[in-house]
Chemist: 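Below is one structure. I have some questions about it.
Below, all heavy atoms of this structure are taken into account, side chains as well, without hydrogens, waters or symmetry copies. Residues take their numbers from the sequence shown, with the count starting at 1. Keep in mind the model is a prediction, meaning the values are calculated, not measured.
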Amino acid sequence: MTFTLTPTYGDNPRLQELVGALRDYLDGELAEYEAGLGLARDARYGREVLQPVWQRSRELGFYGIHLPPEHGGQGLTFTELAALKEEVGASPRMFATSVLGDMGGPLRIGSIFQYATAHQLEKYLLPVLRAERACCFSLTENDAGSDVRGILTTATPDGDGWRLTGHKVFSSAGPFADFSILVARMADADGTPTETFSTFLVDLDAPGCTVTDGDTPMSGDRIEADIILDDCYVGPEQLLGEIGQGLRIGLGRVTVNRLLHCPTAIGGARRALHLSVQYAKTRQVNGAPLGMLQSIQHRLADMAADYYAARSMTYDALAALDAGHRPRTEAFLCKLFVAEKAFTIADHAVQIHGKAGVVRGGEIEGLFQRLRMFRILTGSSEIQRNGIARDLLLS
């Protein structure tokens, strides 16, 4: 893999064409749409703002592009999907994550098709692929993050179905979703919690289900919701998979998902490095470009080395995944290294930009916040270190 801030894929004509088309859409039509809205990143907006992006992305073939042809996708390899996710991460567009279906769309449901019944496909999943409905994933609770077995939301038997009671937090895309893929702890008939977990498809407009504004993350994005359940009934047709498969479904494809989160952060790091190089070339200090200072040159060199290393190791692990291997340890290593180095790159970018880097609402400030969050989201760096050490010591 050669070093570049504008990746090309000459050995894969299909991917080269897709990346070019995605860049054109992000920098052209989507940029114009966002400019017309005039929204700041921390603005509150509704479903009606995102729906046109979902629909247009589907028309262009990006929405659910990773899925097999029978579901309207192109059956991309993991490496190909990662390249597209990197472009999304490198884009300054506010709604970039909606284009491939990360915001309540096909990227959220791809791993659960194998568990869905014909009824669930027709009512819940296929409408998501058509950009008609949206979903959120509800696993996290105030006292159950990395410790998923700390879930307190319970499902108590009621006839053929169950009554759900609990409080989910950080349900991304919750403010725009129609239903939640929700993991709960099973309870006995008398309400006593058990150590068994199941997953349910919960209609967010059902009696006993309330969607409220969630905590606003440091990025300022208003995309989180709390899902509050108060004796909310779900029928047997809403059980996803079998009783007891909740954690398997909720944490399914962990290695794949851990790896596929990395390209988005790599894209953000790439953008921060690109902006820093341009700033160093154009910013004048004492009559000379900022980039003439050796201290700035060294920062840029360190940023480039970290970006290249993070990108190389991630795509190497993805190639192994595409070859049929299960790069479990490599996934831990990638998530740890990418998270830490992407944030370091963002931190250097702030320092290089000086005052311009700490302005509220500026792009560098936004990248800094997003990449800082990545050290915690989708598994903190400490969790990755635990996994790496465990694999080393048990090998």
Chemist: Would Tyr45 and Phe176 count as a close aromatic pair, with their ring centres under 6.0 Å?
Modeler: yes
Chemist: Indicate, with yes or no, if Leu60 and Tyr63 share a hydrophobic cluster defined by side-chain heavy-atom contacts under 4.5 Å among Ile, Leu, Val, Met, Phe, Trp and Tyr.
Modeler: yes
Chemist: I need the Arg299 CZ to Ile352 CD1 distance, nearest 0.5 Å.
Modeler: 6.5 Å
Chemist: Using 4.0 Å as the upper bound for N to carboxylate O, is an ion pair formed by Arg108 and Asp102?
Modeler: yes
Chemist: Are side-chain heavy atoms of Met103 and Val53 found at a separation under 4.5 Å?
Modeler: no
Chemist: Please report the closest heavy-atom contact between Leu126 and Phe113, naming both atoms and the distance.
Modeler: CD2-CE2, 4.4 Å
Chemist: Any side-chain heavy atom of Phe337 sitting closer than 4.5 Å to one from Gln384?
Modeler: no
Chemist: State the OG-OH distance between Ser91 and Tyr25, to the nearest 0.5 angstrom.
Modeler: 10.5 Å
Chemist: Could you tell me if the side chain of Pro7 sits less than 4.5 Å from the side chain of Glu86, heavy atoms only?
Modeler: yes
Chemist: In Å, rounded to the nearest 0.5 Å, how long is the span from OG of Ser295 to CG of Leu300?
Modeler: 9.5 Å
Chemist: Looking only at side chains, do Glu59 and Gln55 share a donor and an acceptor under 3.5 Å apart?
Modeler: no
Chemist: Can you name the closest pair of heavy atoms from Glu330 and Ala317 and give their distance?
Modeler: CB-CB, 4.1 Å
Chemist: Search all heavy atoms of Phe95 against all heavy atoms of Glu34 and return the closest pair with its distance.
Modeler: N-OE2, 2.7 Å
Chemist: Would you check if Ser276 and His348 make a side-chain contact, meaning some heavy-atom pair closer than 4.5 Å?
Modeler: no
Chemist: Could you state whether Leu5 and Tyr279 fall into the same hydrophobic cluster, counting links through intermediate Ile, Leu, Val, Met, Phe, Trp or Tyr residues with side-chain heavy atoms under 4.5 angstrom apart?
Modeler: yes
Chemist: If I compare all heavy atoms of Pro106 with all of Leu129, which pair ends up nearest, and what's the gap?
Modeler: CB-CD2, 3.9 Å
Chemist: Apply the test side-chain contact (heavy atoms from CB on, under 4.5 Å) to residues Leu18 and Leu84: give CA-CA distance (whole Å), side-chain angles for both, the deciding distance (0.1 Å), then the verdict.
Modeler: CA-CA 8 Å; Leu18 289 174; Leu84 298 184; 4.2 Å; yes
Chemist: Run the side-chain contact (heavy atoms from CB on, under 4.5 Å) check on Val202 and Leu229 step by step: do they pass?
Modeler: CA-CA 10 Å; Val202 181; Leu229 304 156; 4.3 Å; yes
Chemist: Do NZ/NE/NH1/NH2 and the carboxylate oxygens of Glu237 and Lys123 come within less than 4.0 Å?
Modeler: no
Chemist: Kindly indicate whether the side chain of Val256, heavy atoms from C-beta on, has any atom under 4.5 Å from the side chain of Leu321.
Modeler: yes
Chemist: Taking Glu224 for its side chain and Ser172 for its backbone only, find out whether a donor-acceptor pair lies under 3.5 Å.
Modeler: yes
Chemist: So do Gln278 and Leu275 actually touch side chain to side chain, heavy atoms under 4.5 Å?
Modeler: no
Chemist: For the residue pair Tyr307 and Phe3, does the interplanar ring angle fall in the parallel (under 30°), tilted (30 to 60°) or perpendicular (over 60°) class?
Modeler: perpendicular
Chemist: Look up atom SG in Cys334 and atom CZ in Phe332, then write down how far apart they are to the nearest 0.5 Å.
Modeler: 11.5 Å
Chemist: If the test is ring pair (Phe, Tyr, Trp, His ring centres under 6.0 Å), which one of Tyr124, Phe137, Trp162 qualifies with Phe200?
Modeler: Trp162
Chemist: Strictly below 4.0 Å, N to O, side chains only: are Glu87 and Arg93 in salt-bridge contact?
Modeler: no
Chemist: Assess whether side-chain contact (heavy atoms from CB on, under 4.5 Å) is satisfied between Phe197 and Arg248, documenting all intermediate values.
Modeler: CA-CA 9 Å; Phe197 300 86; Arg248 180 188 303 178; over 6 Å; no
Chemist: Give the minimum heavy-atom separation between Ala189 and Thr156, together with the two atoms involved.
Modeler: O-CG2, 4.0 Å
Chemist: So how far is it from Glu80 CD to Arg14 CZ, rounded to the nearest 0.5 Å?
Modeler: 4.0 Å
Chemist: Answer with yes or no whether the hydrophobic clustering places Leu336 together with Leu392; edges join I, L, V, M, F, W, Y residues whose side-chain heavy atoms lie under 4.5 Å apart.
Modeler: yes
Chemist: Under 3.5 Å, side chain of Thr194 to main-chain N/O of Met186, donor-acceptor pair present?
Modeler: yes
Chemist: Do His71 and Leu125 touch side chain to side chain, with heavy atoms closer than 4.5 Å?
Modeler: no
Chemist: Any heavy-atom pair between the side chains of Arg56 and Leu30 that's under 4.5 Å?
Modeler: no
Chemist: Passes side-chain contact (heavy atoms from CB on, under 4.5 Å), Ile227 versus Val211? Steps please.
Modeler: CA-CA 5 Å; Ile227 310 297; Val211 180; 3.9 Å; yes
Chemist: Can Leu204 be reached from Ile228 by stepping across I, L, V, M, F, W or Y side chains whose heavy atoms are under 4.5 Å apart?
Modeler: no
Chemist: Hey, are Arg222 and Asp42 close enough for a salt bridge, meaning a charged N less than 4.0 Å from a carboxylate O?
Modeler: no
Chemist: Can you get from Val234 to Ile151 by hopping between Ile, Leu, Val, Met, Phe, Trp and Tyr side chains that sit under 4.5 Å apart?
Modeler: no
Chemist: Please check this pair: side chain of Gln51 against backbone of Ala131, looking for a donor-acceptor N/O pair closer than 3.5 Å.
Modeler: yes
Chemist: Hey, could you give me the CG/SG distance between Leu182 and Cys135, rounded to the nearest 0.5 Å?
Modeler: 12.0 Å
Chemist: Mark yes when over 12 heavy atoms from residues, nucleotides or ligands other than Glu70 sit less than 6.0 Å from its CD; otherwise mark no.
Modeler: yes
Chemist: For Arg271 and Glu363, which heavy atoms make the closest approach, and how far apart are they?
Modeler: NE-OE2, 2.6 Å
